[in-house]
Amino acid sequence: MGNCLCKRKREPKRKITLGIFGLDNAGKTTTVKVLAGDPHTETAPTVGFNQEVIGIHQYDITFYDLGGGKKIRDIWQTYFPEIYGVVYVVDSTASDRMDEIKENLQMLLEDEKVSGKPILLLANKQDQETALDEVDIMEQLNLENTVNINRCPCRIETCSAIKGTGRKIDPSIKNGIKWLCGMIDHNWEKFHGRVESDMEEQKKKREAELEARRERVKKLREERERKERE
Amino acid sequence: MGLLDLIRKLKSSQDKELRILLLGLDNAGKTTLLKKLASEDVSHITPTQGFNIKSVVSSGFKLNVWDIGGQRKIRPYWRNYFENTDVLIYVIDSADQKRFEETGLELSELLEEPKLQGVPLLIYANKQDLLQAAQASEIARGLSLDTIRDRKWHIQACSAQSGEGIKEGIDWMSTVVGKKK
Ligand SMILES: Nc1nc2c(ncn2[C@@H]2O[C@H](COP(=O)(O)OP(=O)(O)OP(=O)(O)O)[C@@H](O)[C@H]2O)c(=O)[nH]1
Ligand SMILES: Nc1nc2c(ncn2[C@@H]2O[C@H](COP(=O)(O)OP(=O)(O)OP(=O)(O)O)[C@@H](O)[C@H]2O)c(=O)[nH]1
Ligand SMILES: [Mg+2]
Ligand SMILES: [Mg+2]
């Protein structure tokens, strides 16, 4: 994907991972698509894991795009240790879901693996007449309070993900991402160190869990095969 | 960058034949699913001893689907079919919660196979007609899908018996392979 010709001139690209979160129908997958320069086409709800590696400025950014629906949301947590920052997408026309969004955002930022990391809030779907503006959204989400309590540097951008793709992407999205990367870059040692140690911790936990699982499956299998023989 | 992308796109849009590998434990419903996909009768299906292959045209792709038997003594032969796989479909019996961990373990081993590296993974959570729709996040945890980082995955609830949900899974597949590197 990267252009080899200019690599020589630049410092090695910085690799960062961003988590893109928000309720179902917010526009997460659409946002990732237009950031990657893919044509905007109709999306289906995500019930799984989608990732894109996108070169923006001097960064190689891996975006983790997960489903926001109630039935899949619970898995977000597994990804928190690995992310340097959060892109949180809000459907600005969903005025009847602002309480749900508020709670979801609180849950996210309160998590000890997320607190302190920078968050870009994209108030999406501004092309719609019924879209709330940024002041209303900040108020209804109690944003100031939530980010302050959890020491998350925050920026809010109003945008429309369907406006354009690639170079024609809504400049608010691009500016927001640039800000997010800048925040991470500015405190690189701190964020990078934190991600590395959190990932190490997670790896150990996972290995122990896998071992326990192997044992359980072995037992179940033996039991079943014994019964089959009887 | 522009040119390379263009070449890649042209190539992938001509090359619409896909090799799909259909795996999962015995009794998961793989053969039923394959027959349903091919609009065949699904009332007399017996456990697969070797493999079945069918070509099906769907969502603008020609899908060559390989369905391999899932009984424990056959599983070691799965590896003979890994080469050149475009999408891995893994079928689970959503009603058989007792075997979630076992099927998850088999899947983890599959995903470590070098030949399947990066291959997109579609999970059919089958037999939804038998139970209250299982929560996708429970399946994701039970099968450790949430530890996967090297490929895209998607859970599709379905019933191979009625055919419900099968098309949606194939649609997901066609959106990810369109972008295959
Ligand atoms: N009008 C308008 N529609 C948008 C915008 N962004 C996304 N959409 C539409 O909103 C719907 C949901 O978009 P997705 O990107 O799939 O939403 P998501 O956040 O990924 O949803 P889940 O995967 O279910 O969590 C789609 O129909 C999009 O086309 C926007 O800026 N304006
Ligand atoms: N209720 C219900 N039963 C199903 C469904 N799909 C498959 N079955 C039944 O499950 C049993 C096993 O189906 P198969 O298609 O043979 O399973 P398989 O995965 O091919 O099994 P192996 O070939 O042994 O690996 C059969 O009795 C099917 O009728 C479903 O969606 N709902
Ligand atoms: Mg999505
Ligand atoms: Mg079979």
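Residue numbers begin at 1 in each chain, while the letters A, B, ... track the order of the sequences. What you see is a predicted model, and the numbers here were worked out from it, not measured in a lab. FYI, side chains are in, hydrogens and waters are out, and symmetry mates aren't considered; it's all heavy atoms of this structure.
Only the side chain of A/Tyr64 comes within less than 4.5 Å of a heavy atom in chain B; its backbone stays farther off. Contacts between A/Lys70 and chain B at a heavy-atom distance below 4.5 Å involve the backbone alone (N, CA, C, O).
We find the CZ-CG distance between A/Phe49 and B/Asp146 to be 10.5 Å, quoted to the nearest 0.5 Å. One finds the CD1 atom of A/Ile75 at 7.0 Å from the CD1 atom of B/Ile155 (value rounded to the nearest 0.5 Å). Here the straight-line distance linking atom CZ of B/Arg149 with atom OG1 of A/Thr78 works out to 7.0 Å at 0.5 Å rounding.
Ion pairing between A/Glu223 and B/Lys98 fails under the 4.0 Å rule for side-chain N and carboxylate O. The existence of a salt bridge linking A/Arg221 and B/Glu106 is confirmed by a sub-4.0 Å separation between a basic side-chain nitrogen and an acidic carboxylate oxygen.
Other residues, nucleotides and ligands place no more than 12 heavy atoms under 6.0 Å from the NZ atom of A/Lys178.
In this structure, A/Arg213 and B/Ser144 have side chains that are in contact, with non-hydrogen atoms separated by less than 4.5 Å.
Interface check for chain B: of the options A/Glu82, A/Glu209, A/Arg214, the most heavy-atom pairs under 4.5 Å are formed by A/Glu82. In terms of non-hydrogen atom pairs under 4.5 Å with chain B, the most contact-rich of A/Leu220, A/Thr41, A/Thr46, A/Asp74 is A/Asp74.
In this structure, B/Ala136 and A/Val47 approach most closely via the heavy-atom pair CB-CG1, 3.6 Å.
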